[in-house]
Amino acid sequence: MVKIIADSTCDLSADLLKKYDISILPLHILLGEREFLDGRSITPPEIYLWSDMSGTTPRTSAPSLEDAIALLEPYVKEHREVVCFSISDEMSASGSVMRLAAGELEAEDLIRVVNSANLSTGIGLLVVEAAIMAGQGADAETIVRRMEELKPLVRASFVVDTLVYLHRGGRCSGLAALAGGALKLHPRILVEDGKMKPGKKYRGNINKVIMSYVTDMEEDLKRAKKDRVFITHSACDAAVVEEVRQYLKSLNHFDEILETMAGGVVSSHCGPGTLGVLFIEG
């Protein structure tokens, strides 16, 4: 059976990783001079605390080549096909590291790397689809071909509570962050062509903003692939997350409504109070 591997930015829960036998290659998060493995040796609350105390944003970096080789080597020795998923090549060198590891292991014939052109559970949606195909006996070539068909259909977006973290990370100007804070503006961030782009700007209390953002997508949600939809968030109010869940349930459309927490990399750049609803267009 084909082995499915993803980097840690896919933001899949431990339960989903276990259910679908998916292995994770962690990115690195740097708090000043200290380096941590995403999802293993640091949590988003610890990242927020450090960021607020230092007035800066953590740096993130691709997985190490050594870690990639160590993860892939056992499957190469078994002559087992592997499909790896990386965060958008526009955002990280994670995919390049995976390709380098395949070369170092002289296993380019066994290891395929998919540039998701996405982030967070925008990647996770593809990873789960691939794992299901692998479980049904599909070979790596068939899985990769299907993933390339699905990639442009992934709809990934989110709204942020504060522009501070995007500003600290260089993804939002100081003036925009200042104006956004004063006017209580909360932009919708879209992932298109592998890049984050600003969309509609909402104004007001973040809990009301989140519901407006979700209901604005109603027609798209009703046309989505029915298998699953993700609610992915970073330290959002439990009540508003449940409200989003109940709204999605009321559409009577999705087989699964999955909730996941944003991992360290996404949390580092977007901050607490971020929520996205992610799905594949039908």
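Here, residue 1 is the first one in the sequence, and each next residue gets the next number.
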Margin query: Is the shortest side-chain heavy-atom distance between Leu126 and Lys151 below 4.5 Å?
Written below: yes
Check: Considering all heavy atoms of both residues, which atom of Tyr213 and which atom of Leu275 are nearest to each other, and what is their separation?
Finding: CE2-O, 3.9 Å
Next item on the list: Verify the distance criterion only: is there a donor paired with an acceptor across the side chains of Ser23 and Lys3 at less than 3.5 Å?
Entry: yes
Next item on the list: Using a strict 4.0 Å threshold on nitrogen-to-oxygen distance, state whether Asp255 and Arg228 make a salt bridge.
Entry: no
Check: Is the backbone N or O of Gly263 less than 3.5 Å from a side-chain atom of Ser267, with the two atoms forming a donor-acceptor pair by type?
Finding: yes
Next item on the list: Might you point out which heavy atoms bring Gly124 and Leu12 nearest each other, and give the distance in Å?
Entry: CA-CD2, 3.8 Å
Item checked: Short side-chain to backbone donor-acceptor contact, His253 and Ala224, under 3.5 Å -> yes
Checklist line | Whether His186 side chain and Asp161 backbone form a donor-acceptor pair below 3.5 Å | finding: yes
Notebook entry, point to check: So, Asp216 and Arg188, do they make that salt bridge, N to O below 4.0 Å?
Noted result: no
Check: Do we see a donor-acceptor contact under 3.5 Å between the side chains of Asp7 and Thr9?
Finding: yes
Item checked: Distance, nearest 0.5 Å, that separates CZ of Arg40 from CG of Asp38 -> 9.5 Å
Notebook entry, point to check: Between Arg99 and Glu104, is there a side-chain N and carboxylate O pair less than 4.0 Å apart?
Noted result: no
Margin query: Side-chain heavy atoms nearer than 4.5 Å, only ILVMFWY residues, links allowed to pass through others: does that put Val114 and Val2 together?
Written below: yes
Next item on the list: Assess whether atom NZ of Lys197 is packed by more than 12 heavy atoms of other residues, nucleotides or ligands within 6.0 Å.
Entry: yes
Item checked: Atom CD of Glu106: over 12 foreign heavy atoms under 6.0 Å -> no
Margin query: Quick check: closest heavy atoms across Ser92 and Leu27, and the distance to 0.1 Å?
Written below: OG-CD2, 4.0 Å
Checklist line | Flag side-chain contact, heavy atom, 4.5 Å: Arg34 against Leu31 | finding: yes
Note to self: Can you confirm whether Leu72 sits close enough to Leu105 that some side-chain heavy atom of one is under 4.5 Å from a side-chain heavy atom of the other?
What the structure shows: yes
Next item on the list: In sequence, state the C-alpha distance, the side-chain angles, and the governing distance for Asp139 and Glu81, and then conclude on side chain to side chain contact (heavy atoms under 4.5 Å, CB included).
Entry: CA-CA 8 Å; Asp139 63 14; Glu81 288 188 308; 3.7 Å; yes
Check: Under a 4.5 Å side-chain heavy-atom rule over Ile, Leu, Val, Met, Phe, Trp and Tyr, are Met1 and Leu17 clustered together?
Finding: no
Item checked: Sub-4.5 Å side-chain heavy-atom contact between Ser157 and Met217 -> yes
Next item on the list: For the pair Lys222 and Glu219, evaluate side chain to side chain contact (heavy atoms under 4.5 Å, CB included) and give the outcome as yes or no after the intermediate values.
Entry: CA-CA 5 Å; Lys222 287 179 178 178; Glu219 292 307 312; 4.2 Å; yes
Notebook entry, point to check: Is it true that Met91 and Val154 fall in one hydrophobic cluster, defined by side-chain heavy atoms closer than 4.5 Å?
Noted result: yes
Check: For Ile189 and Met196, which heavy atoms make the closest approach, and how far apart are they?
Finding: CG2-CB, 3.9 Å
Notebook entry, point to check: Can you name the nearest heavy-atom pair linking Asp89 to Gly95, along with the distance?
Noted result: OD1-CA, 4.1 Å
Next item on the list: Would you mind reporting whether Tyr202 and Val159 have side-chain heavy atoms less than 4.5 Å apart?
Entry: yes
Item checked: Pair Lys225 + Asp227: basic N to acidic O under 4.0 Å -> yes
Check: Where do Pro63 and Pro26 come nearest, in terms of heavy atoms and distance?
Finding: CB-O, 3.4 Å
Check: Taking C-beta and beyond as the side chain, do Leu110 and Tyr75 meet within less than 4.5 Å on heavy atoms?
Finding: no
Next item on the list: Check for a donor-acceptor pair, side chain of Arg80 on one end and backbone N or O of Lys77 on the other, with a separation under 3.5 Å.
Entry: no
Check: Is Leu65 reachable from Ile29 through a run of I, L, V, M, F, W or Y residues, each pair having side-chain heavy atoms under 4.5 Å apart?
Finding: no
Margin query: Would you compute the distance between atom CD of Glu129 and atom OH of Tyr20 and round it to the nearest 0.5 angstrom?
Written below: 9.0 Å
Notebook entry, point to check: Any salt bridge between Glu148 and Arg145, counting N to O under 4.0 Å?
Noted result: no
Note to self: For Val229, run the side-chain contact (heavy atoms from CB on, under 4.5 Å) check against Thr121, Leu258, Val277 and tell me which one passes.
What the structure shows: Val277
Check: Which distance, rounded to the nearest 0.5 Å, do you find between the CG of Asn115 and the CD of Glu90?
Finding: 8.0 Å
Notebook entry, point to check: In this structure, which one of Leu25, Asp67, Ile42, Ile24 forms a side-chain contact (heavy atoms from CB on, under 4.5 Å) with Leu37?
Noted result: Asp67
Note to self: Can a donor-acceptor pair be found, under 3.5 Å and without considering hydrogens, that links the side chain of His233 to the backbone of Thr274?
What the structure shows: no
Notebook entry, point to check: Hey, are the side chains of Val191 and Leu119 touching, using non-hydrogen atoms and a 4.5 Å cut-off?
Noted result: yes
Check: Can Asp220 and Arg223 be counted as an ion pair, charged N to O under 4.0 angstrom?
Finding: yes
Checklist line | Reported CE-to-CD1 distance for the pair Met98 and Ile5, which is rounded to 0.5 angstrom | finding: 7.5 Å
Item checked: Glu218 and Tyr247 side chains, donor-acceptor separation under 3.5 Å -> yes
Margin query: A side-chain contact here means heavy atoms from C-beta on lying under 4.5 Å apart; do Phe85 and Val83 qualify?
Written below: yes
Check: Just checking, is any N or O donor in the side chain of Asp11 or Ser120 under 3.5 Å from an acceptor N or O on the other one?
Finding: yes
Check: Hey, quick one: are Leu278 and Met261 part of the same hydrophobic cluster, counting side-chain heavy atoms closer than 4.5 Å, chains of contacts allowed?
Finding: no
Notebook entry, point to check: At what distance, to the nearest 0.5 angstrom, does CG of Asp237 lie from CD of Glu242?
Noted result: 11.5 Å
Notebook entry, point to check: In Å, rounded to the nearest 0.5 Å, how long is the span from CD1 of Ile280 to CD of Glu149?
Noted result: 12.0 Å
